[in-house]
Amino acid sequence: MRRQPLVILLLLSCAQLQAEIAHSPLISNRISPASSQETHAAISAVCPQRLAYEKMVNSIDDVEDLYVDVPVHIALEQRQRKRFALKLNNSTPLTILFSLPVARQLYYNQTANVLRLATPAKGPGIAMGRLVLPCALRGQYDLFVQARQGGALKLEAQAKHPQSSAMLNHSHRIAIRTQNRVRKRQLIVKWERSKFDYHAMHYCLVVQQVGSGEVNDFATFCEAIYAYTQQQQQTNSRASSAPCSGASNMFDLVWSRAPKRARHLNPRHNLHIVCTGARTQQQLRGLQPNSSYRLQIFGVDQRLQNMTLPLASTQVHFNRTNPTALREQNLSLLKIGGLHGVQVYSFKVPTTTPPPPFMRYLLLPCAGSEIRVKLLHHHKEVANLGNIYAPTYIKQEGIKPGQRYLMRFEPNNEDEALRAQKVRLALSSERLFRDLPELPKNVTVFNVRTRCTSTTLAWNSSPDERALSYCVIVFSLPQRSGVEYTNYCMDFGALRITQHKNFKFIRCREKQPSPNDKLEMETIFGLTPGDSYLIYVTANLSMGKPLPYQTLTVHMGSQCVDLESQEQPEYY
């Protein structure tokens, strides 16, 4: 009678143990038909991509682990199915080799089938015997195979691209150039084309915002894609909470976006990937001022199964546009913003003995444009001159040695934005420019008299006391040409002038010492009645560059008799 309570306790403990076993993970892997339907319905509601994977798992019970660089030998009967589980700890190109033709399905992190991301291999028998993922992200891969015929299957996973051994020595470093547009929060990135597979190479730009810590380059493009996808999941609350975060939609963030000339960067992200196709430049918008960015260029070979390789990297500080430094006594050709904003240039007052009392500037607007220039010192406006359309001298007094000034050029108004593209500038701390002649305040060339075959010109004499000469250059002007302006930036060297397609002739003479007469005159013979001509007058030093006066357009009469100049020869 005393043993009955003991038996009852043993029966109760056995029942409790069976209940615990029934709730263990081992029993939960067995899915009953009723619970399977409920599970599939719940999964398909939140993640339709997961449903296909669950169906494949339920139909195949035979599972085997697959490791990188470890071949697996297994015997398969005809139409037999097999599942292989591969776990990657690092993002890397992945190549899977098959010794038998098999039907394949590949899933990443138990969600979408990523077989469509594999690049096809060319050649007889290669497509069925090789599976290549240009970038396999870190995580778990489930490979489902079905034998088309019975035999021994050898399966091997390699963490490399099959074309990596065929790469040339790409130790060459292509150059990256950048241009800051801080006011518009834009950065223009340009780079050279890769010498490796020149015509088949596409490009992807990886942009990292540098914080307080140091940012290292990504060793491979696959690592950059993995970091980018992880960032997307962390910043997007839906992606972080949903069970449907497969590699298919992750890769779409990078590969499926069409190249664009300009790409706006998300301010909430520190890492950005922009693929540009075959283009070698990209405009980035939405950058943060006073920030540093790490730029990496990766090449994607379209002919070698999207093989990726690093090409170049650099770091740029997005703070302000570094102004181009100007040199004294040098006639520089500078760009003006036009439709793309203003351009800024800098110069420093030389430290000479004795110190310079002033600075002189010579402005030559090109192509008949009208520009405006502002002179700045320590962000304060020192001078502001507008309506500059002819050679203009500016004299700045009260300077100190070592001071740095900025010159900001821009079109004078919106109508001049198309023509105002370039300007020539020279600066000097001396009274005269060493290699440039002095021009008078009025650079107009006057038409004194025009006959059938000749014309007489007059212009103001140069105030330069050095040995000087004048050249009269005549161009034939087509009848339908609307050229009525002076290109002060033309190369007036004798050799370049004579090679111009509309060049007719040139005549030069020395300046005559005449202190009382301030006008110079010259008569041009040998012109054709009825034609039109564009005439330049230039002042020249013995050594240096000539400077032009304003042009003069002359239209010759078509019905007249000019006996006085018919026997005059042309000039060459």
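Keep in mind the model is a prediction, meaning the values are calculated, not measured.
Seen from the ring of F409, R372 does not count as a face-on cation partner, given the 6.0 Å and 45° thresholds.
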Determine, stepwise, if the pair N460 / V443 fulfils side chain to side chain contact (heavy atoms under 4.5 Å, CB included).
CA-CA 7 Å; N460 290 289; V443 292; over 6 Å; no
So D301 and R303, salt bridge (charged side-chain N to carboxylate O under 4.0 Å, His left out) or not? Walk me through it.
CA-CA 6 Å; D301 198 313; R303 189 168 57 182; 5.0 Å; no
Please test K545 against D435 for salt bridge (charged side-chain N to carboxylate O under 4.0 Å, His left out), starting from the C-alpha separation and ending with a verdict.
CA-CA 6 Å; K545 295 183 178 181; D435 301 328; over 6 Å; no
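Relative ring orientation between Y393 and F433 is described as tilted, the plane-to-plane angle lying within the 30° to 60° band.
Residues T308 and T220 are not in side-chain contact: their nearest non-hydrogen atoms beyond the backbone lie 4.5 Å or more apart.
Applying the ring pair (Phe, Tyr, Trp, His ring centres under 6.0 Å) test to residues at least two apart or on different chains, the pairs with a partner in residues 353-385 are F347-Y361, H377-Y405.
Side-chain rings of Y536 and F492 approach one another, their centers coming within less than 6.0 Å.
Using a cutoff of 4.0 Å between basic side-chain nitrogens and carboxylate oxygens, R408 and E410 are not scored as salt-bridged.
Defined by atom type and a distance below 3.5 Å, a donor-acceptor pair is missing between the side-chain atoms of H272 and Q209.
In terms of the side chain to side chain donor-acceptor pair (under 3.5 Å) criterion, Q550 has no residue partners (sequence neighbours excluded).
Atom CG of L131 is separated from atom CD1 of I96 by 5.0 Å, given to the nearest 0.5 angstrom.
Side-chain atoms of Q282 come within 3.5 Å of backbone atoms of R261 as a donor-acceptor pair (strictly under, hydrogens ignored).
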